[in-house]
Amino acid sequence: MIDLVDKLPELDKKLIELLKNLTPEDWEKQTVAKLWTVKDVAAHLLDGNIRLVSNLRDEHQLEIPSIGSYQDLVDYLNQLNAEWVLAMRRVSPKMLIYLLEQTGDAFNNYYASLDPYGKAKYAVAWAGEHESTNWMHIAREYTERFLHQQQIRDAVGKQEILTKEYFYPFLDVCMHALPHTLRNASAESGCILEMTISGESGGSWFVQYDGKKWSRLDTKPTTDPVTKVEIDENASWKLFSKSLRPEGLKDQINIAGDLELGRTAVEMVSFMA
């Protein structure tokens with residue numbers, strides 16, 4: 001279990017402090033999230049507050065089209081996100097901050113009320129889960145909120161959450177996608193892959209193949225990995241969110257050992273993207 005429910009309000013506090021100190025020019029800066037400006041990303045965070053509280057706490061249901069595949073789900077979510085961001089372009093930054101402050105407590109209080117080991121309404125599909133516990137769903141929400149705040153911070157040059165306290169938990173949750181990413185990779189039984197995020201806030205994670213599937217290891221293995229992947233911490237969050245792809249980060253990724261296995265590993269995406 002990765003318990004991050006108490007960190008959600010901490011991230012919110014940092015977000016509001018950040019937004020209140022942005023200049024008018026900052027709000028219009030382009031982020032790594034392709035077509036979204038800083039203001040668009042802030043609006044998307046507000047959408048998360050309102051949509052999830054409405055759906056999960058208040059049981060307000062949208063009419064969902066037929067979802068026949070993972071890509072169908074991604075396309076549907078992208079459509080919802082784009083519609084909201086477009087509509088919110090008529091809203092001022094000051095009003096966005098006000099609405100984020102008003103809805104943040106409802107969002108955080110709802111998640112704090114859940115049994116962490118209870119069944120989540122939605123599975124974390126990018127981790128290959130068909131059913132998830134609430135703690136994993138909350139951990140997924142942490143990564144979403146961290147990512148979008150970091151997109152804003154990256155655009156305006158204020159990197160205060162790239163710390164062990166906030167960034168390492170983000171990475172730890174993202175690594176739940178690694179076994180799923182390698183699910184079709186061929187390997188000998190017992191082989192281990194190590195993924196290291198370099199930098200003060202990073203760490204190393206290990207997965208092992210048992211002849212049928214890949215699984216995350218809780219402790220450092222006693223045998224040497226057949227593949228070692230090292231990614232610069234400043235590139236990792238962009239890579240795992242699909243903001244940038246491995247070919248655009250070659251100078252910040254190093255693979256040693258089984259190159260094919262390593263190349264598969266760095267395609268890991270820990271978001272619905």
* Compare every heavy atom of Arg57 with every heavy atom of Ala106, then report the nearest pair and how far apart it is. => CB-NH1, 3.9 Å
* Asked: Side chains of Asp258 and Thr227: do they bring a donor and an acceptor to under 3.5 Å?
  -> no
* To do: Fit a plane to each ring of Phe146 and Phe167, take the angle between them on a 0 to 90° scale, and name the class: parallel (under 30°), tilted (30 to 60°) or perpendicular (over 60°).
  => parallel
* Asked: Taking the side chain as C-beta and beyond, is there a heavy-atom pair between Val207 and Leu217 under 4.5 Å?
  -> no
* To do: Decide yes or no on side chain to side chain contact (heavy atoms under 4.5 Å, CB included) for Met175 and Arg216, but give the supporting numbers first.
  => CA-CA 8 Å; Met175 291 298 169; Arg216 211 173 118 158; 3.5 Å; yes
* Using the side chain to side chain contact (heavy atoms under 4.5 Å, CB included) rule, take Val226 and Glu188 through it: C-alpha gap first, then chi angles, then the decisive distance, then the call. => CA-CA 10 Å; Val226 299; Glu188 293 185 7; over 6 Å; no
* **Side-chain donor-acceptor contact under 3.5 Å, Arg51 with Asn81** => yes
* Over all atoms of both residues, closest heavy-atom pair of Gly262 and Val229 -> CA-CG2, 3.9 Å
* Asked: Around atom CD of Glu59, are there more than 12 heavy atoms of other residues, nucleotides or ligands at under 6.0 Å?
  -> no
* Please lay out, stage by stage, how Met88 and Val91 fare under the test side chain to side chain contact (heavy atoms under 4.5 Å, CB included). => CA-CA 5 Å; Met88 293 302 290; Val91 175; 3.7 Å; yes
* **Side chains of Lys238 and Ser236, donor plus acceptor under 3.5 Å** => no
* **Heavy-atom check, side chain of Leu244 versus side chain of Leu239, under 4.5 Å** => no
* Between Gln79 and Asp75, a side-chain donor and acceptor under 3.5 Å -> no
* Structure fact -> Here the ring pair (Phe, Tyr, Trp, His ring centres under 6.0 Å) pairs for residues 83-112, sequence neighbours left out, are Phe107-Tyr111, Tyr111-His137
Kindly list each side-chain donor-acceptor pair under 3.5 angstrom involving residues 264-273, sequence neighbours excluded, with atom names and distances?
{"unit_1": "Thr264", "atom_1": "OG1", "unit_2": "Glu260", "atom_2": "O", "d": "3.1"}
{"unit_1": "Glu267", "atom_1": "OE1", "unit_2": "Arg245", "atom_2": "NH2", "d": "3.1"}
{"unit_1": "Ser270", "atom_1": "OG", "unit_2": "Cys174", "atom_2": "O", "d": "2.8"}

* Asked: When you measure from the side chain of Asn134 to the backbone N and O of Asp115, does any donor-acceptor pair fall under 3.5 Å?
  -> yes
* Crowded around Lys164 NZ? As in, over 12 foreign heavy atoms under 6.0 Å? -> yes
* Output yes when a side-chain donor or acceptor of Asn21 lies under 3.5 Å from a complementary backbone atom of Glu17, and no otherwise. => yes
* Asked: Are Tyr168 and Trp205 close enough that their ring centers fall under 6.0 Å?
  -> yes
* Determine the minimum heavy-atom distance between Gln151 and Ala33, stating which atoms define it. => NE2-CB, 3.8 Å
* Verify same cluster id: Leu114, Leu11 (apolar side-chain graph, 4.5 Å) -> yes
* To do: For the pair Glu141 and Thr143, evaluate side chain to side chain contact (heavy atoms under 4.5 Å, CB included) and give the outcome as yes or no after the intermediate values.
  => CA-CA 5 Å; Glu141 289 302 329; Thr143 60; over 6 Å; no
* **Carboxylate-amine/guanidinium contact Lys7 Glu165, below 4.0 Å** => yes
* Inspect the contact between Arg153 and Glu160 and indicate whether a charged nitrogen and a carboxylate oxygen are less than 4.0 angstrom apart. => yes
* Asked: Closest heavy-atom contact between Val156 and Leu18?
  -> CG2-CD1, 4.4 Å
* Do Tyr122 and Asn55 get their side chains close enough for a donor-acceptor pair, meaning under 3.5 Å? -> yes
* Check whether more than 12 heavy atoms from other residues, nucleotides or ligands sit under 6.0 Å from atom CZ of Arg183, and answer yes or no. => yes
* Asked: More than 12 heavy atoms of other residues, nucleotides or ligands under 6.0 Å from NZ of Lys158: is that the case?
  -> yes
* Asked: Under 3.5 Å, is there a donor-acceptor pair linking the side chains of Ser132 and Glu129?
  -> yes
* Are any of the side-chain nitrogens in Lys13 or Glu101 under 4.0 Å away from the carboxylate oxygens of its partner? -> no
* Looking only at heavy atoms, which two atoms of His148 and Val41 are closest? And how far apart? -> O-CG1, 3.3 Å
